[in-house]
Engineer: 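After the structure tokens below, expect a handful of questions from me.
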Amino acid sequence: MAFQIYVSPPHPSGKELTYLTEAVNQNWIAPAGPHLSRFETLVETYAGSAYYATALQSGTAALHLGLHLLGLSQGDTVLCQSLTFVASVNPLVYMGATPVFIDSEPETWNMCPDLLEQAIKEQLAKGKKPKAIIAVHVYGMPYQAAEIHSIAKKYDIPILEDAAEALGSSYQGKPCGTLGDFGVFSFNGNKIITTGGGGVLITKAMKSKQEALKLATQAKEATPYFEHKQLGYNYRMSNLNAAVGCAQFEVLPQYIAKRRSIFNYYRTALEGIKGISFLPEPTGFFSNRWLSVMKTNSTSQRERIRKKLAAAYIESRPVWKPMHLQPLYQHQKAFTNGTSAECFEKGLCLPSGSQLSEQQLDLIIKIIRENA
Ligand SMILES: *Cc1c(COP(=O)(O)O)cnc(C)c1O
């Protein structure tokens with residue numbers, strides 16, 4: 001169905017064509033070039049001087065290479081947040097590893113530290129030490145990093161941080177994407193800024209970046225002929241996509257401010273109406289509010305609102321269906337407490353794009369109020 005208002009459409013800054021024209025005129029129409037370096041520098045400046053960015057074709061590719069750098073291999077187990085987009089999990093399955101899903105806690109909707117520790121203990125008792133933890137900042141809200149990271153440290157298990165939705169979010173002042181052993185951003189069209197499809201892998205060591213670059217470009221050896229010792233991929237971001245990314249990065253602070261103001265507008269107008277609620281930010285947490293997510297009273301209330309919005313050509317979407325409930329993954333082991341299932345049953349993602357006008361917000365709020 002064609003909507004007039006989408007949940008999270010791309011928002012051009014106005015500079016995209018300028019940079020694209022530069023790239024084309026310079027004939028850098030390739031997965032290499034000056035805009036690619038500039039884009040990576042912009043991400044590195046954002047992340048802080050201690051980090052390296054590798055620009056890739058998608059967040060999914062970045063997760064895949066992150067798992068490679070962690071040494072994941074066939075038969076390994078990875079502990080993964082259940083309330084997420086399927087791309088958090090698929091790459092580990094590409095590699096022949098097995099996911100074990102961890103439910104959420106109600107404060108941030110992200111990985112529950114207690115269930116994480118329970119899962120680790122159970123896996124250790126079976127003699128299968130998990131190879132990695134994939135923790136997600138769902139909808140831009142940081143996960144309980146102090147607790148999750150102290151458990152990871154206690155059992156010496158690395159964290160691959162899926163910050164695909166959390167560019168611009170931070171935890172105790174530290175940017176999301178730099179909290180884990182490796183971090184991932186997505187620049188897909190629906191994210192807070194976009195390259196028209198793309199991702200970045202954040203690493204702490206230059207050596208890891210070099211390894212990621214090699215894997216992303218078919219694992220070519222440094223010989224004049226094509227020599228390959230490893231199995232590589234064709235994952236490097238194109239300079240054209242990076243040119244778009246440069247234009248988008250310039251407006252990131254404004255877009256974050258706008259998304260946060262949209263969230264506050266909804267929250268002020270709707271909170272408390274027939275059991276409707278929104279997730280506040282715990283102290284020390286800063287969310288980019290990539291999506292404004294509303295919790296309703298019941299699935300029927302949620303569906304009534306969603307359908308009325310759709311009838312007015314306004315898109316809204318139920319919260320991610322947890323991985324442990326997906327037909328693809330429901331046979332996998334999961335440590336659950338009902339939180340993510342409840343978010344899926346009652347949660348609704350509202351239009352959150354940084355181009356929304358106050359008039360559009362008022363219309364959306366009116367429809368929700370009338371149908372709550
Ligand atoms: C968007 C997203 C990804 C994947 O990013 P792509 O760039 O679309 O491959 C991974 N994880 C989460 C949580 C996402 O929202």
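Everything numeric in this text was worked out from a predicted model, so none of it was measured.
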Engineer: Hey, any chance Val184 and Leu213 share a hydrophobic cluster, counting ILVMFWY side chains that come within less than 4.5 Å of each other, even indirectly?
Structural biologist: no

Engineer: Check the hydrophobic clustering (I, L, V, M, F, W, Y; side-chain heavy atoms under 4.5 Å; chains of links allowed) and say if Phe182 and Tyr233 are grouped together.
Structural biologist: yes

Engineer: How long is the span from the CG atom in Leu56 to the CG atom in Leu63, to the nearest 0.5 Å?
Structural biologist: 10.0 Å

Engineer: So which atom in Gln81 and which in Thr84 form the shortest heavy-atom distance, rounded to 0.1 Å?
Structural biologist: O-CG2, 3.4 Å

Engineer: Dump the intermediate steps for ring pair (Phe, Tyr, Trp, His ring centres under 6.0 Å) on His324 and Tyr329, then the final yes or no.
Structural biologist: CA-CA 6 Å; His324 73 274; Tyr329 289 130; over 10 Å; no

Engineer: Counting distance only, does the side-chain N/O of Asp156 pair as donor-acceptor with the main-chain N or O of Ala152 below 3.5 Å?
Structural biologist: no

Engineer: Check the pair Leu363, Ile365 against side chain to side chain contact (heavy atoms under 4.5 Å, CB included), reporting the backbone distance first and the verdict last.
Structural biologist: CA-CA 5 Å; Leu363 171 65; Ile365 287 164; over 6 Å; no

Engineer: Would you call Glu40-Lys209 a salt bridge at under 4.0 Å N-O?
Structural biologist: yes

Engineer: Within a radius of less than 6.0 Å around NZ of Lys214, do more than 12 heavy atoms belonging to other residues, nucleotides or ligands occur?
Structural biologist: yes

Engineer: Salt bridge or not for Glu303 and Arg306, using N-O below 4.0 Å?
Structural biologist: yes

Engineer: Side chains of Ser58 and Asn188: does their closest heavy-atom pair fall under 4.5 Å?
Structural biologist: no

Engineer: Show the numbers, then the answer: is there a ring pair (Phe, Tyr, Trp, His ring centres under 6.0 Å) between His137 and Phe285?
Structural biologist: CA-CA 11 Å; His137 308 290; Phe285 289 61; 9.3 Å; no

Engineer: Looking at Lys308 and Glu370, does any basic side-chain N land under 4.0 Å from a carboxylate oxygen?
Structural biologist: no

Engineer: About how many Å separate CG of Leu270 and CD1 of Ile368, when rounded to the nearest 0.5 Å?
Structural biologist: 5.0 Å

Engineer: Run the ring pair (Phe, Tyr, Trp, His ring centres under 6.0 Å) test on Phe39 and Phe187 for me, step by step, so that the C-alpha distance in whole Å, both residues' side-chain angles and the decisive distance to 0.1 Å come before the verdict.
Structural biologist: CA-CA 12 Å; Phe39 177 67; Phe187 295 90; 5.1 Å; yes

Engineer: With Phe249, which of Thr41, Thr45, Val244, Ile193 fulfils side-chain contact (heavy atoms from CB on, under 4.5 Å)?
Structural biologist: Ile193

Engineer: If you compare all heavy atoms of Leu356 against all heavy atoms of Ile5, which two are closest, and at what distance to 0.1 Å?
Structural biologist: CD2-CG2, 3.7 Å

Engineer: Looking only at non-hydrogen atoms, find the nearest pair between Asn239 and Gly33 and report the distance.
Structural biologist: OD1-C, 3.3 Å

Engineer: Between Val100 and Pro130, is any pair of side-chain heavy atoms under 4.5 Å apart?
Structural biologist: no

Engineer: Which of parallel (below 30°), tilted (30 to 60°) and perpendicular (above 60°) describes Trp290 and Trp320?
Structural biologist: parallel

Engineer: Taking atom NZ of Lys346 and atom CG of Asn297, what is their separation to the nearest 0.5 Å?
Structural biologist: 7.0 Å

Engineer: After noting the C-alpha distance and the side-chain angles of Leu116 and Ile148, does the key distance pass the side chain to side chain contact (heavy atoms under 4.5 Å, CB included) rule?
Structural biologist: CA-CA 8 Å; Leu116 173 65; Ile148 298 285; 4.0 Å; yes

Engineer: Between Arg317 and Glu315, is the closest basic N to carboxylate O distance under 4.0 Å?
Structural biologist: yes

Engineer: For the residue pair Lys153 and Tyr155, would you count it as a cation-pi contact if the rule is NZ or CZ under 6.0 angstrom from the ring centre and within 45 degrees of the ring axis?
Structural biologist: no

Engineer: What's the separation between atom CD1 in Ile364 and atom CD in Gln359, rounded to the nearest 0.5 Å?
Structural biologist: 11.0 Å

Engineer: Taking Tyr171 for its side chain and Ala146 for its backbone only, find out whether a donor-acceptor pair lies under 3.5 Å.
Structural biologist: yes

Engineer: Would you give the length of the straight line joining atom CD of Glu44 to atom OG1 of Thr203, rounded to the nearest 0.5 angstrom?
Structural biologist: 8.0 Å

Engineer: For the rings on Tyr143 and His149, is their centre-to-centre separation under 6.0 Å?
Structural biologist: yes

Engineer: Side-chain contact, heavy-atom cut-off 4.5 Å: Ile202 with Val200?
Structural biologist: yes

Engineer: Does atom NZ of Lys129 have more than 12 heavy-atom neighbours from other groups under 6.0 Å away?
Structural biologist: yes

Engineer: Using a strict threshold of under 4.0 Å (side-chain N to carboxylate O), is an ion pair present between Glu122 and Lys126?
Structural biologist: no

Engineer: Could you see if Leu348 belongs to whatever hydrophobic cluster contains Ile314? Use Ile, Leu, Val, Met, Phe, Trp, Tyr and a side-chain cutoff under 4.5 Å.
Structural biologist: yes

Engineer: Is Glu16 reaching over with its side chain to a backbone N or O of Ser13, donor-acceptor style, under 3.5 angstrom?
Structural biologist: yes

Engineer: Which heavy atom of Thr296 sits nearest a heavy atom of Arg302, and at what distance?
Structural biologist: OG1-CB, 3.4 Å

Engineer: Looking at side-chain heavy atoms only, is the closest gap between Thr77 and Gln123 below 4.5 Å?
Structural biologist: yes

Engineer: Could you tell me whether a side-chain N or O of Ser8 sits under 3.5 Å from a main-chain N or O of Asn190, the two making a donor and an acceptor?
Structural biologist: yes

Engineer: Considering all heavy atoms of both residues, which atom of Asn110 and which atom of Val138 are nearest to each other, and what is their separation?
Structural biologist: OD1-N, 2.9 Å

Engineer: Side chains of Asn288 and Tyr139: is there a donor and an acceptor less than 3.5 Å apart?
Structural biologist: no

Engineer: Is a donor on one side and an acceptor on the other found under 3.5 Å between the side chain of Gln248 and the backbone of His11?
Structural biologist: yes

Engineer: Is Pro175 close to Tyr51 at the side-chain level, that is, under 4.5 Å between some pair of heavy atoms?
Structural biologist: no

Engineer: Are the charged groups of Glu342 and Lys295 less than 4.0 angstrom apart, N to O?
Structural biologist: yes

Engineer: Without hydrogens or angle criteria, can the side chains of Glu250 and Tyr19 be said to hold a donor-acceptor pair below 3.5 Å?
Structural biologist: yes

Engineer: Any heavy-atom pair between the side chains of Ile157 and Ile120 that's under 4.5 Å?
Structural biologist: yes

Engineer: Can you give me the closest heavy-atom contact between Thr299 and Glu345, atom names plus distance?
Structural biologist: OG1-O, 3.0 Å

Engineer: In the structure I gave you, are the side-chain heavy atoms of Glu105 and Glu107 within less than 4.5 Å of one another anywhere?
Structural biologist: yes

Engineer: Would you call Lys128 and Asp76 a salt bridge, taking side-chain N to carboxylate O under 4.0 Å as the test?
Structural biologist: no

Engineer: OG/Ser292 to CG/Leu279 distance, rounded to the nearest 0.5 angstrom?
Structural biologist: 11.0 Å

Engineer: Taking the cut-offs as 6.0 angstrom to the six-membered ring centre and 45 degrees off its axis, would you call Arg289 and Tyr266 a cation-pi pair?
Structural biologist: no

Engineer: Under a 4.5 Å side-chain heavy-atom rule over Ile, Leu, Val, Met, Phe, Trp and Tyr, are Phe185 and Leu69 clustered together?
Structural biologist: yes

Engineer: If you measure only the distance, is there a donor-acceptor pair under 3.5 Å linking the side chains of Asp103 and Thr339?
Structural biologist: no

Engineer: Are Glu227 and Lys220 ion-paired here, with the side-chain N under 4.0 Å from a carboxylate O?
Structural biologist: no

Engineer: Do Phe278 and Met141 sit in one hydrophobic cluster, given that two such residues count as connected whenever their side-chain heavy atoms are within less than 4.5 Å of each other, even indirectly?
Structural biologist: no

Engineer: Taking the side chain as every heavy atom from C-beta outward, state whether Leu36 and Arg236 have any pair of such atoms under 4.5 Å apart.
Structural biologist: yes

